[in-house]
Each structure stands twice: as C-alpha cells, then as structure tokens.
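All values derive from a computational prediction rather than experimental measurement. Chain letters run A, B, ... following the sequence lines, proteins first, then strands; residues in each count from 1.
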Amino acid sequence: MAKDKPSIPKGTRDFLPGEMVKRNYIFDTIRNVFLRFGFMPIETPAMEQISTLTGKYGEEGDRLLFRILNSGNYLAGVSDDEIIKRDINKLKASLSDKGLRYDLTVPFARFVVQHLNEITFPFKRYQIQPVWRADKPQKGRYREFFQCDIDVIGSNSLLNEVEQIQIIDEIFKNLNMKIVIRINNRKILGGIAEVIGETEKITQITIAIDKLDKVGVHKVNEELAVKGVSERAIRELQPILSLSGTAEEKLNELEKKILPGSKIGRKGVSEMKSLFSYLEPLELEADPILDLTLARGLDYYTGVIIEANSTEMKMGSLCGGGRYDDLTGIFGLNDVSGVGVSFGADRIYDVMEKNGKFPEDTMLTTTLMFVNFGEKEEKFCLPLLDVIRKSGIRAELFPDKVKIKKQMNYANQKNVGYVALVGEDEIKNGVITLKNMKTGGQEQITLDELIEKLL
RNA sequence: GUGGGUGUAGCUCAGUUGGUUAGAGCACUGGAUUGUGGUUCCAGGGGUCGUGGGUUCAACUCCCAUCAUCCACCCCA
C-alpha cells in the first residue's frame, strides 16, 4: 500500500451522509426527551486544563487521558536531569498542561463552579459532545465518541434519580430498543466493605463482584484473594453475592442481616427503598432491577448508580451514571450534590444498525432533482427551483450538462424521489415532465401541480 | 498493559505441496441506447501482493521482525 495513503487516527471515524442522517435521528430523539424534562443545553471546550481532568477517573482513567503537547518550546522548563531520568510522569507535567475531555461530567462540575453566579439551582443541563479516551479500540469502543449527558446539580432529592430513570426508559422506548436498567448504590457497596472489614479495598471489591455475572463466583473469589482481600472477608461476602428475590426482599435482607453494623450501608438501603417506592407506580417499559453486583468504575460516584444494557445484542453499557456528592468540592464548591446519566450515542447506533431499528424515512435526501439540459434550460429552471424550494420542498439542479444517464444514475444513487425533465419541448409547452424514481412512471404537469404533489 | 486473528485492485475477498503472465464480485469509464436510472449484454482502466530482512534455482505462498487493523481480556459509553 502506498505510504501516503490518507488515514485517520486509530479509533476515530468519518461519517458518511447516510450514517449522519441516522446519527442525527438518535441525537434528535435524545435531545427532545431531555428538553421535555426541563434540561437546557450547554457546551464546554474539547480541551480542559490537565489538572481539571487528572485524578477524577481512577488510575485506569488517568492512563487513558489524551494529553495535548504544549505549544512553543515545551522543553524549556525541563531540566537536563529530568530528561535524562526519563521519568515520564514528571515529564508529562512539563510537556502538557491541557488534555482532551474524558467525559462530560467532570467538565460540567468545573463549569458549575466557574459560573456559579450565572446559573440557578437546581441546575439541569444537557450536553451532547464528543469525548476522547486513549483506549484500545474494539467492538463498541472508540477513541472518539459522543456522549449525551444530563445532570442535575444542587439537589439531594431522589426525585432526580427517579426522573433520570424515566428519561432512560423514554429514550430507549422512542428508539424502539429493548433494554434492562440496573440500579445499585455505592453506599450499600461501601457498607458491605465496612462490615466485612475491608473498607480500604472497596474499589477492588466492587470491581471484582461487578464481574459476577460474567465469570461466576469462583473467579470473583479468586480475584478478591489476589487483590489482597482477607479470607474471612471473602467468606463473609458469600451470602451477599447469593442474595436473590425482588428488590424489596434483597433490601430487607441487607437491612436486617447484613448491614445493621454499618451506618452508611443502612443509609444506602433506605435510599434504595425510597427510590423503588417512587418507581413502583410508574409505568416503565423496562422495569429497573436492583443489581448488587453493579459497580461502575468512575471514582466520583457516592450514591445511586445506574446502568442500561441492550437485551438484543451483546454490547457494553449503552447508558450509565449515578450520584456524586463531592465532585464540585474538588473545584472549590462544597456540599453540592449532583446526579447524572450519560448515553453512548455510538453504541446505541451500533445496536440499532445491527437490529434494523432505524425508520425508513431517515433515509430521505433530495425530493426533486432537475436534469441539466444546458444553459438555456438552466436559466429557465432556476426560477422554478426557487419557487419549489420556498414552498419547502428539498430540490436541486444537477450542476453539469452531462449525459442524462449519468444524471439519472446520480439521482438513483442518492435516493432522490423525483426527477424533473425540462427541455426544449417542456419550455415551449409550459410544463414539467416529472418522473417518479420508485415506480419509473412519469407525467407532464404544471409547476403548481408539481408543488401540490410533492409537498 | 496481556493474548489471538487478518493485511492481495477504490471496496469485499479467492489464490493449489513454493513454479514462470496474480484472479472474481462490486465500484469506476466507454459502448449496445447522442431526452431517461435501478435489470441485462459487450469492452476497458486500475495491483512495488502492508513494510523490511531471511530461506530457496524460484516467495503472494515458508521463517523472523516491524507497522496497521480487527477481536478478546482489563476497564468503560
């Protein structure tokens, strides 16, 4: 292959018109639901100060940050000693003070603190923008992908969680997708870690039990042991892993038998009981389930956590989020709690595409194309085109006088609905020959009739 | 970061135990049809076989390295 063959960076993609029409269908659907629940749009820059991003996503997250090389002589502030030592972590600080955003939640927390005086609480915003992660690309995983976020900041009410679950349900219902909504609570996970005496290892424990469904209880126990969780703690964890029944039954079990000794754990249980009591009377398409193995990797979650997965296709989560009590605290604003969820537009696209969920009319392009017969006809057609477009019909004139066959082929490829042929005869008789590209039939009609027909 | 698969025409891929001139379909261009596409038929253009090295009389084919890409793990949207 030629060396100068053009390419784009790994994990990024170009989108063709046919794909964009479908992507926009997803964005429009999501945006409409967001607006109907009272969320307002904001945007933030693609890049943030690196200090805004680091330390928010766990160790793995830091590794996956895209860093932007400083402009100018970026080695000026680096001592010879540092270069010789090749300590990449030290050098990073000198070479890069900006990074591409990793998600939309952390920049939003920064945004809130920075614009405190310009917003009213509780602040409900939505944000649809790309984010970047230096992950190894694979199925359903890209290095540049779009998140559609909603967050409410400045309200402790569980009604926000309820609302966001309704939004998840509504969006996937509108997209005609089947999903399962799983809910858990970091406070319960924290309580469990506390009662088995492994508070320090909470992250490792949650990550390990997150895999319960996938790898089974033995592998989970193995991983726990490897991560340094004591034998006694693992043993005490077993009854929790095997809890079954309805959400209410699980919560009662936790409350009475497992978590009495943990204040934080009891708080989590009571939150979940309250949440499910709100959800009970709502008529949701996808009934939310309590999944005690749901963990979620991001460091900043402190309360309810939520995830939605497709039941029609094996794919990572399509939507995830939860409550974070201290995120704005990092930027200097304490005691303000937030809760939000994020929809992964690209994964949603992949699932919809695979399962043929896009409606036919997302493929509509130009309704009417005029064939180009030459300069005289061009001048005759332009005013007609103008009238047609002003009436609201999507129309174009083929720009070059080339073979009719070629022009028809263009119309065909582009999925144009109708072709207008206006040559010498039509001009003389004051009519337009209109050809239906689906049926192949054609008729001679006036401009007014044409507009009436195509509107 | 760990493990596996695949790199041949613009795209999707064949290519025999290594053998002399590397193929198909789609796409593209021209023609059958100089005012009619999606069907059909005919003709044509287009390839340093990812890159570098090695084995061999001979490498698209075997070996090594490297790069790219896809899949799985990890983690995540």
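- By the side-chain contact (heavy atoms from CB on, under 4.5 Å) test, A:I404 pairs with A:V371, A:F373, A:M408, sequence neighbours left out.
- To the nearest angstrom, C1' of B:G35 lies 14 Å from NZ of A:K376.
- Within the 4.5 Å cutoff, no side-chain heavy atoms of A:W132 are placed close to those of A:L65.
- Between the CZ atom of A:R143 and the C1' atom of B:A77 there is a distance of 16 Å, given to the nearest Å.
- By the criterion of a centre-to-centre distance under 5.5 Å and near-parallel planes under 30°, the ring of A:F145 forms a stack with the base of B:A77.
- Between the side chain of A:K435 and the base of B:U36, a donor-acceptor pair under 3.5 Å is found.
- Scanning both residues, A:I205 and A:A193, for their nearest heavy atoms gives CD1-CB, 4.3 Å.
- Within 4.0 Å of A:K403, counting heavy atoms only, lie sugar-phosphate atoms of the nucleic acid but no base atom.
- Of the candidate nucleotides B:C71, B:G30, B:A77, B:A77 has the atom nearest to the side chain of A:Y142.
- Partner of A:Y410 under the side chain to side chain donor-acceptor pair (under 3.5 Å) criterion, out of A:K406, A:K414, A:Q413: A:K414 alone.
- Evaluation of the side-chain hydrogen bond (donor to acceptor under 3.5 Å, both in side chains) rule for A:T12 yields no partner, not counting sequence neighbours.
- The separation between A:K139 atom NZ and B:C70 atom C1' is 12 Å, rounded to whole Å.
- Taking every side-chain heavy atom of A:R347 into account, B:A77 is the closest of B:U36, B:G31, B:A77.
- When the side-chain hydrogen bond (donor to acceptor under 3.5 Å, both in side chains) test is applied to A:Y142, the partners found at least two apart in sequence or on another chain are A:D350.
- Among the atoms of the strands shown, none is found under 4.0 Å from any heavy atom of A:F343.
- Remark: RNA chain B forms stems of 3 or more consecutive Watson-Crick or G-U wobble pairs, all pair distances under 3.5 Å, at B:1-7 with B:67-73, B:10-13 with B:23-26, B:28-32 with B:40-44, B:50-54 with B:62-66.
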For nucleotides 26-29 of chain B, give me every protein contact, N/O to N/O, under 3.5 Å, one pair per line with atom names.
| unit_1 | atom_1 | unit_2 | atom_2 | d |
| --- | --- | --- | --- | --- |
| B:U29 | OP1 | A:K406 | NZ | 2.7 |

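- Among residues two or more places apart in sequence or in another chain, the side-chain contact (heavy atoms from CB on, under 4.5 Å) test is passed with A:I393 by A:T367, A:I388, A:S391, A:I451, A:L454, A:L455.
- With sequence neighbours excluded, the residues forming a side-chain hydrogen bond (donor to acceptor under 3.5 Å, both in side chains) with A:E449 are A:T446, listed by chain and number.
- Looking at A:D169, its side chain does come within 3.5 Å of a backbone N or O of A:A286 through a donor-acceptor pair.
- In this structure, the nucleotide among B:C74, B:G37, B:A72 sitting nearest to the side chain of A:K211 is B:C74.
- Distances were taken from every side-chain heavy atom of A:N412 (C-beta onward) to each of B:G37, B:A77, B:G35; the shortest belongs to B:G37.
- Here A:L421 lies in heavy-atom contact (under 4.0 Å) with a base.
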For residues 318-330 of chain A, which side-chain donor-acceptor pairs fall under 3.5 Å, sequence neighbours excluded?
| unit_1 | atom_1 | unit_2 | atom_2 | d |
| --- | --- | --- | --- | --- |
| A:R323 | NE | A:E161 | OE2 | 2.6 |
| A:R323 | NH1 | A:S155 | O | 3.0 |
| A:R323 | NH1 | A:S337 | OG | 2.6 |
| A:R323 | NH2 | A:S155 | O | 3.4 |
| A:R323 | NH2 | A:S157 | O | 3.1 |
| A:R323 | NH2 | A:E161 | OE1 | 3.0 |
| A:R323 | NH2 | A:E161 | OE2 | 3.4 |
| A:Y324 | OH | A:D151 | OD1 | 2.4 |
| A:D325 | OD1 | A:S337 | OG | 2.6 |
| A:D325 | OD2 | A:T302 | OG1 | 3.0 |
| A:T328 | OG1 | A:L333 | O | 2.8 |

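- For A:K405 and B:U40, the NZ to C1' distance is 11 Å, given to the nearest whole Å.
- In this structure, the side-chain contact (heavy atoms from CB on, under 4.5 Å) partners of A:M313, at least two apart in sequence or on a different chain, are A:S310, A:M315, A:V351, A:K354, A:N355.
- Among the atoms of the strands shown, none is found under 4.0 Å from any heavy atom of A:E377.
- The side chain to side chain donor-acceptor pair (under 3.5 Å) test with A:N372 is passed by exactly one of A:E377, A:E378, A:Q407, A:K401: A:E378.
- Sorted by residue number, the members of residues 439-451 of chain A with any non-hydrogen atom under 4.0 Å from RNA chain B read A:G440, A:Q442.
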Listing time: all N or O pairs from protein to nucleotides 1-4 of chain B that are below 3.5 Å?
| unit_1 | atom_1 | unit_2 | atom_2 | d |
| --- | --- | --- | --- | --- |
| B:U2 | O4 | A:K136 | NZ | 2.8 |

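- A donor-acceptor contact closer than 3.5 angstrom links the side chains of A:D149 and A:S342.
- Remark: side-chain polar atoms of A:D291 are paired, donor with acceptor, to backbone N or O of A:T293 under 3.5 angstrom.
- At a threshold of 4.0 angstrom between heavy atoms, the contacts of A:C148 with the nucleic acid are absent.
- For the side-chain hydrogen bond (donor to acceptor under 3.5 Å, both in side chains) test, residues two or more places apart in sequence or in another chain that qualify with A:K357 are A:E312.
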